[in-house]
Amino acid sequence: MVKKKACIFISGKGSNLNNLIRHSRVNNFPIKISLVVSNNKNAYGVRYAKMFKIPYIFINTKRKNYENGILLNLKKHKISFICLAGYMKIVSKNLISRYKQKIINIHPSLLPKFKGLNTFSRMLKEKEIKAGCTVHYVNKELDSGNIILKKSFFIKPNDDENILKKKTQDLEYKAFPESIIKIFRKN
Ligand code: GAR
């Protein structure tokens with residue numbers, strides 16, 4: 001099987017990156033991670049790229065035309081699929097239209113509920129019954145593209161933000177790889 005060359009965008013801890021790298025090393029997993037992009041020089045997650053000898057680049061989103069560097073590198077590494085794994089920047093319209101239906105994101109809520117930031121505190125405030133994660137295609141509206149897969153759990157009375165985050169991330173480690181398998185099985 002020929003694996004699609006994928007790029008993972010991160011901003012921080014990179015636990016989803018680590019998980020995806022480990023899955024991608026299994027023979028029949030549909031993608032090979034060929035590039036990591038970080039908008040944060042201090043992102044802990046970059047060490048996973050180093051550990052597994054995956055090329056990585058830093059981008060400074062404050063710079064004008066910073067996207068040219070991304071596009072050049074995506075081309076250089078023949079990237080055909082992009083996963084946003086805790087990437088805390090909005091992806092430009094230009095990149096989205098160049099990679100139409102080829103960019104997916106993982107979000108820590110059951111979309112369409114709780115788009116954007118601070119999902120866990122908002123869920124607690126609104127006394128939600130369920131929490132979870134969603135993997136979706138990225139389009140021009142924030143956290144609004146077609147949904148690929150959701151995983152959920154019931155919120156318990158003692159669940160605080162940290163517990164919700166931990167439970168959500170445990171589900172993310174299943175949802176992200178399952179979504180990728182689902183996408184490429186269809187094609
Ligand atoms: C993940 O939980 C992901 O759902 C969230 O950031 C975390 C990154 O964790 N993404 C967003 O909030 C995007 N709006 P990680 O760096 O350990 O993978």
Side-chain angles (χ1 to χ4, degrees), residues 6-25 29 31 33-52 54 56-59 61 70 81-93 95-96 99 102-126 128 130-153 155 159-180 182-183:
C7 174
I8 316 296
F9 282 44
I10 63 165
S11 297
K13 193 172 72 158
S15 66
N16 278 286
L17 168 66
N18 182 27
N19 178 56
L20 287 179
I21 294 174
R22 287 167 198 280
H23 275 84
S24 69
R25 290 161 74 86
F29 197 70
I31 62 166
I33 298 171
S34 303
L35 182 66
V36 172
V37 169
S38 171
N39 69 318
N40 169 10
K41 276 221 159 191
N42 302 316
Y44 184 89
V46 171
R47 67 188 63 196
Y48 298 116
K50 292 182 186 162
M51 200 188 286
F52 291 96
I54 297 168
Y56 59 91
I57 57 163
F58 294 112
I59 47 154
T61 53
I70 301 183
F81 188 70
I82 295 172
C83 302
L84 309 183
Y87 183 64
M88 304 311 270
K89 284 275 161 194
I90 307 254
V91 178
S92 78
K93 291 187 175 130
L95 189 60
I96 293 170
Y99 280 83
K102 302 274 186 265
I103 309 178
I104 65 171
N105 177 47
I106 191 148
H107 182 76
S109 80
L110 298 169
L111 290 173
K113 283 185 163 181
F114 305 103
K115 296 174 184 177
L117 299 175
N118 307 317
T119 54
F120 305 121
S121 59
R122 285 154 60 208
M123 278 173 211
L124 291 174
K125 210 166 157 194
E126 309 239 334
E128 285 296 302
K130 276 173 139 190
C133 65
T134 306
V135 182
H136 65 94
Y137 286 103
V138 173
N139 68 7
K140 289 173 187 171
E141 306 292 323
L142 180 71
D143 299 329
S144 299
N146 286 344
I147 290 170
I148 301 154
L149 203 144
K150 293 194 222 191
K151 284 195 185 285
S152 66
F153 62 92
I155 299 175
D159 286 352
D160 60 15
E161 280 183 45
N162 286 333
I163 296 174
L164 287 185
K165 183 173 179 182
K166 164 86 178 73
K167 288 183 179 175
T168 301
Q169 288 211 316
D170 285 344
L171 287 184
E172 290 184 346
Y173 304 146
K174 297 192 177 96
F176 224 170
E178 272 179 39
S179 301
I180 293 170
K182 190 174 166 190
I183 288 168

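Values reported hereafter were calculated over all heavy atoms of this structure, with side chains retained and with hydrogens, waters and symmetry mates removed. For ligands, and for the atoms within them, numbers begin at 1 and follow the listed sequence.
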Problem set entry | Closest to atom 15 (P) of ligand 1 among Gly116, Gly45, Ser15, Cys133 (heavy-atom distance) | Ser15
Exercise. Given Gln169, Glu172, His107, Lys166, which has its nearest heavy atom closest to atom 4 (O) of ligand 1?
Worked result: Glu172
Exercise. Under the 3.5 angstrom rule, does the side chain of Thr119 hit a backbone N or O of Pro108 as a donor-acceptor pair?
Worked result: yes
Exercise. When rounded to the nearest 0.5 angstrom, what distance separates CG in Leu117 from CG in Leu142?
Worked result: 8.0 Å
Exercise. Say you draw a straight line from NZ of Lys130 to OG of Ser109; how long is it, rounded to the nearest 0.5 Å?
Worked result: 13.0 Å
Problem set entry | Residue pair Lys151, Glu178: steps toward the salt bridge (charged side-chain N to carboxylate O under 4.0 Å, His left out) verdict | CA-CA 11 Å; Lys151 284 195 185 285; Glu178 272 179 39; 3.1 Å; yes
Exercise. Can you check salt bridge (charged side-chain N to carboxylate O under 4.0 Å, His left out) on Glu128 and Lys113, steps first, answer last?
Worked result: CA-CA 10 Å; Glu128 285 296 302; Lys113 283 185 163 181; 2.9 Å; yes
Among all the protein's non-hydrogen atoms, which is closest to [atom], and how far away is it?
atom                    : result
atom 10 (N) of ligand 1 : Ile106 O, 3.7 Å
atom 11 (C) of ligand 1 : Pro108 CD, 3.6 Å
atom 13 (C) of ligand 1 : Met88 SD, 3.8 Å

Quick one: does [X] get an N or O within less than 3.5 Å of an N or O on ligand 1?
X     : value
Tyr87 : no
Gly14 : yes
Asn16 : yes

For this session: Output the list of atoms in ligand 1 that are nearer than 4.0 Å to some heavy atom of Gly86, sorted by atom number.
Result: 6 (O), 8 (C), 10 (N)
Exercise. So is Lys165 close enough to ligand 1, meaning a heavy atom under 4.0 angstrom away?
Worked result: no
Exercise. Does Ile10 reach ligand 1, in the sense of a heavy atom lying below 4.0 Å from it?
Worked result: no
Exercise. Within 45 degrees of the axis of the six-membered ring of Phe29 and under 6.0 Å from its centre: does Arg25 put its NZ or CZ there?
Worked result: no
Exercise. Taking atom NZ of Lys150 as the centre, does the number of heavy atoms from other residues, nucleotides or ligands within less than 6.0 Å exceed 12?
Worked result: yes
For this session: Using side chain to side chain contact (heavy atoms under 4.5 Å, CB included) as the criterion, point out the one residue from Ser15, Pro177, Cys133 that pairs with Glu172.
Result: Cys133
